[in-house]
Amino acid sequence: MHNQNSLLLKLPTLPSHSFFTLHRSTNTKLSKTRRNNHTLIRRSNWVIPKAMPCISRSYSDDNSTNSNGASFRNLRLNESSFLASLMPKTEIGADRFLHSHPHYDGRGALIAIFDSGVDPAAAGLQVTSDGKPKILDILDCTGSGDIDTSMVVKADGDGCISGASGASLAINTSWKNPSGEWHVGYKFVYELFTEKLTSRLKKERKKKWDEKNQEEIAKAVQQVTDFDQKHINVEDAKLKKVREDLQNRLDLLRKQSENYDDKGPVIDAVVWYDGEVWRVALDTQSLEDDPGHGKLSKFVPLTNYRTERKYGVFSKLDACTYVLNVYNGGNVLSIVTDSSPHGTHVAGIATAFHPEEHLLNGIAPGAQLISCKIGDSRLGSMETGTGLTRALIAAVEHKCDLINMSYGEPTSLPDYGRFVDLVNEVVSKHRMIFVSSAGNSGPALSTVGAPGGTSSSIIGVGAYVSPAMAAGAHCVVEPLSEGLEYTWSSRGPTTDGDLGVCVSAPGGAVAPMPTWTLQRRMLMNGTSMASPSACGGIALLISAMKAEGIPVSPYSVRKALENTSIPIGDSPEDKLSTGQGLMQVDKCYEYIQQSQNIPSVWYQINIKQSGKTNPSSRGIYLREANACRQPTEWTVQVDPKFHEDANKLEELAVFEECIELHSSDKIVVKAPEYLLLTHNGRTFNIVVDPTKLCNGLHYYEVYGIDCKAPWRGSLFRIPITITKPVAVTNNPPNVSFSKMLFQPGHIERKYIEVPHGASWVEATLNASSFDTARRFFVDAVQICPLQRPSKWRNVVTFSSPASKSFTFRVVGGQTLELVIAQFWSSGIGSHETTNMDLEIVFHGIKVNQEEIVLDGSEAPVRIDAVALLASEKLAPVAILNKIRVPYRPIDAKISALSSDRDKLPSGKQILALTLTYKVKLEDGAEIKPQIPFLNDRMYDTKFESQFYMISDSNKQVHSSGDVYPNSTKLPKGEYNLQLYLRHDNLQVLEKMKQLVLFIERNLEEKEIIRLSFFSQPDGPLMGNGSFKSSTLIPGIKEGFYLGPPPKDKLPKNSLQGSLLVGSISYGRLSFASQGEHKNPEKHPVSYQVSYLVPPNKIDENRKSSSSSSKKTVSERIEQEVRDAKIKVLGGLKQESDEERLEWEKLSASLKSEYPKYTPLLAKILEGLVSRSNIKDKFHHEEVIDAANEVIDSIDREELAKFFALKNDPEDEEAEKLKKKMEETRDQLAEAVYQKGLALAEIESLKEVDKSLASGTTNGAEQDVEKTDKQSKDDGFHPDLFDDNFLELKKWVDVKCTKYGILLVTNERRNQRLGTALKVLTDIIQDDKEPAKKKLYELKLSLLEEIGWIHMATYERQWMLVRFPPSLPLF
């Protein structure tokens, strides 16, 4: 998931570098790519692509071409050529173009960077080459930096306001605020920072915190030492407690140092309207070491970046740049930071301008940009549907010319989904050119990611490396003999046959980095880098077109790019890796100039196999063996598509082209010779005959040429990819490939028709004949309808000649592509080839049902197993290790979102549906929310966005996620899960108001259920006929039974309707260890098994109460009436004076009716204690009186005698009496406990009164003495608390969570603050439920009383984490 798509990550490379990639299920990678020729190249990262042989041409400054690459053998760099290699421009002809057109350097072009955010303070991103602002707007489209500033406050007489964090903030009197209204909010600054920056700050802050803590530890050690020197032999009980208190203080300080967990500083935000614009000020004192820095009043107010283009830096320590934007009438503040360095690096490649060193300039230093952050900081920089949609809205609003998006992931449906629909509209209606990375999941075929490699309206870019890049940027020990596609660059075709990759561009650069990284620039590699390189090149073209008055159209620009690119490699199949080749800016511009008067048309291709209505495709992809055994006929529909603003009379009506059709191989692909094409489109048929082709990969094209202007090149292309697999005829089924020779970057591709009945492979790879270590990628890919390509990958390193064995899953009857690639930088410097031998053995056990559902009854499920290929060891294993509980929402609300960010270019307003689910955990557990209808689809869905947050009763958010939910460890308690769905169609959202959500919990090791197998249907009940294993004879079925789990093994609190879920496997692996045999999830082929939890059994022992049966009817009625009245009393609210009066009347009436009934008196006490808003002396005295009534109603002597005796657990009457006595004891303990708390509160209030009176007149002192005397007359004495505390100790463990606060209070009264804090800390740690605010408030007050300021500050920050005033925004 989420990291299905990753930003270009910086990865270690074989001999050198790092590689950053932003492609989800193509985790950014690095790889080797090369052909049979010597191609030494270097790169970083791991990838699994397929490299096609490439003979690439690299251009020198004099525009000469070296076709054989011989001179690169002796390539030597000087300073200039080295610097130029760090930001490649020669490869795509950008330097030649700029040499001829120095003023067409991107000026006038505006690029939207859809990425992780761009740092406006990064090197080269301040101004353009002609002095204009580089960045026109910076937006966080994800909402991850949003702050709720809907709370409005006004300043007090001292000019201060109360911040949302609770801090008092002084307002600068010079700030203009006509209304006097200040919107306030707060944010934990770590929520705005990347994980790497947060880690650095935590280390630095921990160091400073440790210094303060060490000072306190030194003081505590000295106190202990002084005490021990003064008191040699301590016998006195009070002195022992003092010594214990000192030791507890020391232990707490040491323990806190070990358990330190920095949640980061809190920043307060203040927003106001100054009469013209919304202004923002931040209070960042908590980030600063100097108490004078970071104060709100000293902040220079900022407004939306777009208005004044100003930014700030939080502090010198973090060096993190941010910008501010205000939305929704001041109710939302967006603090924009980057979620990774990726976006800044991408922006630098496209547009950086370095006046001090032009060789390090980006491709288009004159271009301007807007930054649209689509990588959500809450999700580790993964994109969200919300971010993508808002980014498109912003790009249209700013009238951008170009969009660059270096993000993506695999998809099950190419050229499909909500985002693709919006992109199509932006390209067609608003004429934006959308450029995106193809992905980093190569070298296997069909690994291009969405949206860049799978969407027709997007220019998908592959990654190329030149000899100069390898020698300079990658610092390889030997340069490449030729340029080629990086091995990890994703390959086409798409699953519907489209080429996938449009063009290629340099896939690595040393480009600017955000300031918080503390480095100016860095090398990153990936198609994420190739995309901005291409985008920058296109910006040069747009700059020239605008200056020359040539209309800009994504259709004409793309056609020019494709028809002027230089092929990389010498075989037709290389197009699947490189697209049409390496783009050439100078040649492309010449093409554009020549074709400027030709209508801008996109030729939409739709293909169907003759005789079939579905599915349609954009190319022809014959991958499976059956498709290669006979010729097939295909109907091709060509539809010219114009921009929406095209003139119907002058462009559409007169459009007519005579097109000459060509086939790249007329023997294999037959097509008509000519086609007359009008605006309404035209169909024609082609025939593909693969029957005479040899096994392996073949690529062909049918392309159309304008008869009247053949110089235009191909107007459209129909890609035809054929992978003819080798059949497996051996018995047992196996296939071997021997003496495969590898050099750095070389790739071998094998296509195998997986035998029917095969379900897994056991393969052995043997490497020999090499010296230095070799690293290989082994990929296996199969394609099944309406699924993401099934890909298995293994990265193998051979330090010496050896063999490696591995297993992976296969689908019988489908073609398997097996790719072995030597990492392109692995073995550079050594001229020895690596010899590889591969043996593949197919295995399979076919069962009558793959996914098994046990229906909750006692009946087992019959399973029939058969081996179709060869004898197999049948050894079934099944476990249940998860439980899924279904939930329906308890609340559903639809709201219209603000038009600031959420109004589509079409004018439609986006709506939001918020669903609330209640989840209760009886014990702590690791859980994961699942929404089967929505999960695991980012681009291949018609729904715009989803996001969820899990919060506890304190509003603390414990987890959040989107398309790919995360597992989260949660303590026992009740939680709210809020699911946020966005769409512009109200009817769609209405249908989702009752959306079912599952909470999946991982069972603990002791709860995991291992299911049993039987050879007889009665086995589960009779306990005999156990089935363990056997040997399957090919073609002969064997039956056995899977029994349900024993009812006593079901996890406790398993709700009816829940599903226990696990895995089942059938075959035994040759390579597996003993432990792996016992775990079906370790088997490459495991299926889901689930068990529907039935209704709970009825408790047979539950009988009607014998004591009740002995009572008369009237006695039973009286008892029921009494209990009903008490229940009503307990249900009454006391929020208003009227409600309290009603409660008091009823309690008095019941007390007079049942004066000594302990449960009633306990309920009255409970009602008094619940009045949290009343805490005066009179209230506490009421509590004491009510507690005394409970205590007096209980015969404590009889109670003590009962618990001194042992009861017979078999005696039913004795057990009932025990239960009743335990309830009475609990009521007594609760009364004593509440009485103790009230006594302590009264004593505390008296201390406050004394302190207030100490500075007043003697008359006041006399009043205090009188009050003291009166309090004694009232019956309050200091030893009352002690007596009460001793009473509580008789009945309960005062160290337990429920009553421990009284122990803390007792220690505090005796000034043993260290012991009090230790007891409180233990109580908090032992409490497995969500945090209780009163406990942490007490802890904070103890820390302040002791004088540990650093720990008090730490706890204060945690208070906001545990007890936020409200939930964060989505």
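Quick note: numbers below take in every heavy atom, side chains included, and nothing from hydrogens, waters or symmetry partners.
- The existence of a salt bridge linking Glu397 and Arg901 is excluded, since no basic side-chain nitrogen approaches an acidic carboxylate oxygen closer than 4.0 Å.
- Under the 3.5 Å distance criterion, the side-chain polar atoms of Ser116 are matched with a main-chain donor or acceptor of Ser340.
- Taking the charged nitrogens against the carboxylate oxygens, Lys295 and Asp283 have no contact shorter than 4.0 Å, which rules out a salt bridge.
- Because its NZ or CZ atom is not both nearer than 6.0 Å to the ring centre of Phe1370 and within 45° of the ring axis, Arg982 does not count as a cation-pi partner of that residue.
- Under the 4.5 Å side-chain criterion, counting only non-hydrogen atoms from C-beta, Leu911 is not in contact with Asp984.
- Between Tyr190 and Phe193, the ring planes lie tilted relative to each other; the angle falls in the 30° to 60° range.
- Taking the six-membered ring for Trp and the full ring otherwise, Tyr322 and Tyr311 have centroids separated by 6.0 Å or more.
- Look at Glu308 and Arg279 and you find a salt bridge, because one of the NZ, NE, NH1 or NH2 atoms lies within 4.0 Å of a carboxylate O, short of that distance.
- Atom NZ of Lys903 has 12 or fewer neighbouring heavy atoms from other residues, nucleotides or ligands inside a 6.0 Å radius.
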Please walk me through it: do Leu981 and Ser945 pass side-chain contact (heavy atoms from CB on, under 4.5 Å)? CA-CA 6 Å; Leu981 305 172; Ser945 179; over 6 Å; no
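- Atom CZ in Arg1356 sits 16.0 Å away from atom CH2 in Trp1358 (nearest 0.5 Å).
- Taking the six-membered ring for Trp and the full ring otherwise, Trp209 and His1350 have centroids separated by under 6.0 Å.
- Sorted by first and then second residue, the pairs that involve residues 159-176 and meet side-chain hydrogen bond (donor to acceptor under 3.5 Å, both in side chains), not counting sequence neighbours, are Ser165-Asp268, Asn172-Ser174.
- Around NZ of Lys202, the count of heavy atoms belonging to other residues, nucleotides or ligands within 6.0 Å exceeds 12.
- For Glu195, the CD atom counts as loosely surrounded, since its 6.0 Å shell holds 12 or fewer non-hydrogen atoms of other residues, nucleotides or ligands.
- Less than 6.0 angstrom separates the ring centroid of Tyr1354 from the ring centroid of Tyr260.
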Give the table of side-chain donor-acceptor pairs shorter than 3.5 Å for residues 148-159, with sequence neighbours excluded, one pair per line with atom names and distance.
from, atom 1, to, atom 2, distance (Å)
Asp148, OD1, Ser150, N, 2.9
Asp148, OD1, Ser150, OG, 2.6
Thr149, OG1, Gly330, O, 2.7
Thr149, OG1, Asn331, O, 3.2
Thr149, OG1, Val332, N, 3.3
Asp156, OD1, Asp158, N, 2.9
Asp156, OD1, Gly159, N, 3.1
Asp156, OD1, Cys160, N, 2.9

